[in-house]
Amino acid sequence: MYCVIDGSAKISPTAVIEDFVVIKGNCIVGENCVVGSFSYLENAVIGNNSVVKSSRIVNSRVGESCTVGPFAHLRNNAVVCDGCRIGNFVEIKNSVIGAGTKASHLAYVGDADVGERTNVGCGVIFVNYDGKTKHRTKVGKDCFIGCNSNLVAPLTVGDGCFVACGSTVVQDMPSGAFGIGRSRLTVKENAAGKYLK
């Protein structure tokens with residue numbers, strides 16, 4: 001087994017560190033954790049009973065009983081609270097993810113506060129940068145953010161909201177609202193050939 005572990009790291013004796021893991025800086029790995037092969041931790045805190053699968057966590061915190069990865073990236077003070085699922089190819093930057101929330105795959109959560117038990121669908125983008133300034137998004141608890149949605153900051157989405165898949169949200173949503181922001185599909189019959197040549 002080959003790993004790189006700094007002497008400053010604090011790792012519970014009940015934690016499992018698999019092959020080819022790098023643990024640098026002031027890391028803390030809690031009880032009964034599993035840090036899977038090819039993970040990279042730097043100044044990271046991993047709570048008890050959490051599993052990190054082939055992921056990169058830098059200057060960030062993961063709560064208890066969470067799963068992260070494979071191939072997730074947490075950076076710049078990302079905070080993931082207890083009982084969360086952060087899945088494959090999810091990036092979280094400078095954000096707080098509430099307890100029990102799921103972002104299962106292919107999402108970017110940047111400069112955001114996401115409430116408890118919210119579902120962030122596949123392909124959701126928190127649009128935090130306007131070319132000059134970073135802006136923040138607040139999403140309440142018990143929300144459902146449908147696949148391939150864009151949340152354009154600055155933005156507030158209240159508790160219990162539902163954003164339909166494929167929507168681009170550019171205005172605040174009050175609690176309990178249903179947001180649909182799609183362009184209407186135009187179908188041109190017998191026209192595909194000229195685009196496929």
Item to complete: Keeping the roles fixed (side chain from Thr118, backbone from Gly140), state whether a donor-acceptor pair exists under 3.5 Å.
Response: yes
Discussion item. On a heavy-atom basis, which atom in Gly87 and which in Ala72 lie closest, and how many Å separate them?
Written reply: O-CB, 3.6 Å
Fill in: Flag, side chain of Ser95 to backbone of Ile92, donor-acceptor distance under 3.5 Å
no
Worksheet entry | Ring geometry between Phe162 and Phe178 (parallel below 30°, tilted from 30 to 60°, perpendicular above 60°) | tilted
Worksheet item: For the side chain of Asn43 and the backbone of Asn26, is there at least one donor-acceptor N/O pair under 3.5 Å apart?
Response: yes
Worksheet entry | Contact summary for Cys84 and Gly100, nearest pair of heavy atoms | SG-N, 3.8 Å
Discussion item. Membership question, hydrophobic clusters at under 4.5 Å side-chain separation (ILVMFWY): are Val22 and Phe38 in the same one?
Written reply: yes
Fill in: Backbone of Ser37 reached by a side-chain donor or acceptor of Ser54 within 3.5 Å
yes
Worksheet item: Is a side-chain donor-acceptor pair under 3.5 Å present for Ser175 with Asp159?
Response: no
Worksheet item: Do you know the tightest heavy-atom contact between Ser167 and Gly181?
Response: OG-N, 2.9 Å
Practice prompt. Taking Asp6 for its side chain and Ser8 for its backbone only, find out whether a donor-acceptor pair lies under 3.5 Å.
Written response: no
Fill in: Phe20 and Tyr2 aromatic ring geometry - parallel, tilted or perpendicular at 30°/60° bounds
tilted
Discussion item. Could you list the cluster mates of Val127? Members are the ILVMFWY residues connected by side-chain heavy atoms closer than 4.5 Å, either directly or through other members.
Written reply: Tyr108, Ile125, Val152, Val170
Worksheet item: Looking only at atom types and distance, does a side-chain atom of Ser50 sit under 3.5 Å from a main-chain N or O of Ser65, one as donor and one as acceptor?
Response: yes
Worksheet item: Any sub-3.5 Å donor-acceptor pair from Asn48's side-chain atoms to Glu31's backbone N or O?
Response: yes
Discussion item. Less than 4.0 angstrom from a charged side-chain N to a carboxylate O is my criterion; do Asp113 and Lys138 meet it?
Written reply: no
Worksheet item: Are the side chain of Ser55 and the backbone N or O of Val52 linked by a donor-acceptor pair below 3.5 Å?
Response: no
Discussion item. When you measure from the side chain of Thr14 to the backbone of Ser12, do you find a donor-acceptor pair of N or O atoms at a distance under 3.5 Å?
Written reply: no
Fill in: Glu91 vs Arg75, salt bridge (charged side-chain N to carboxylate O under 4.0 Å, His left out): CA-CA, chis, key distance, verdict
CA-CA 8 Å; Glu91 181 177 359; Arg75 63 185 178 93; 2.6 Å; yes
Worksheet entry | Gly36 backbone acceptor or donor facing Ser39 side chain under 3.5 Å | yes
Worksheet item: Does CZ in Arg136 sit with more than 12 non-hydrogen atoms of other residues, nucleotides or ligands closer than 6.0 Å?
Response: yes
Worksheet item: Are Asn94 and Asp111 close enough that a side-chain donor and a side-chain acceptor fall under 3.5 Å?
Response: yes
Discussion item. Side chains of Leu106 and Val90, heavy atoms from C-beta outward: is any pair under 4.5 Å?
Written reply: no
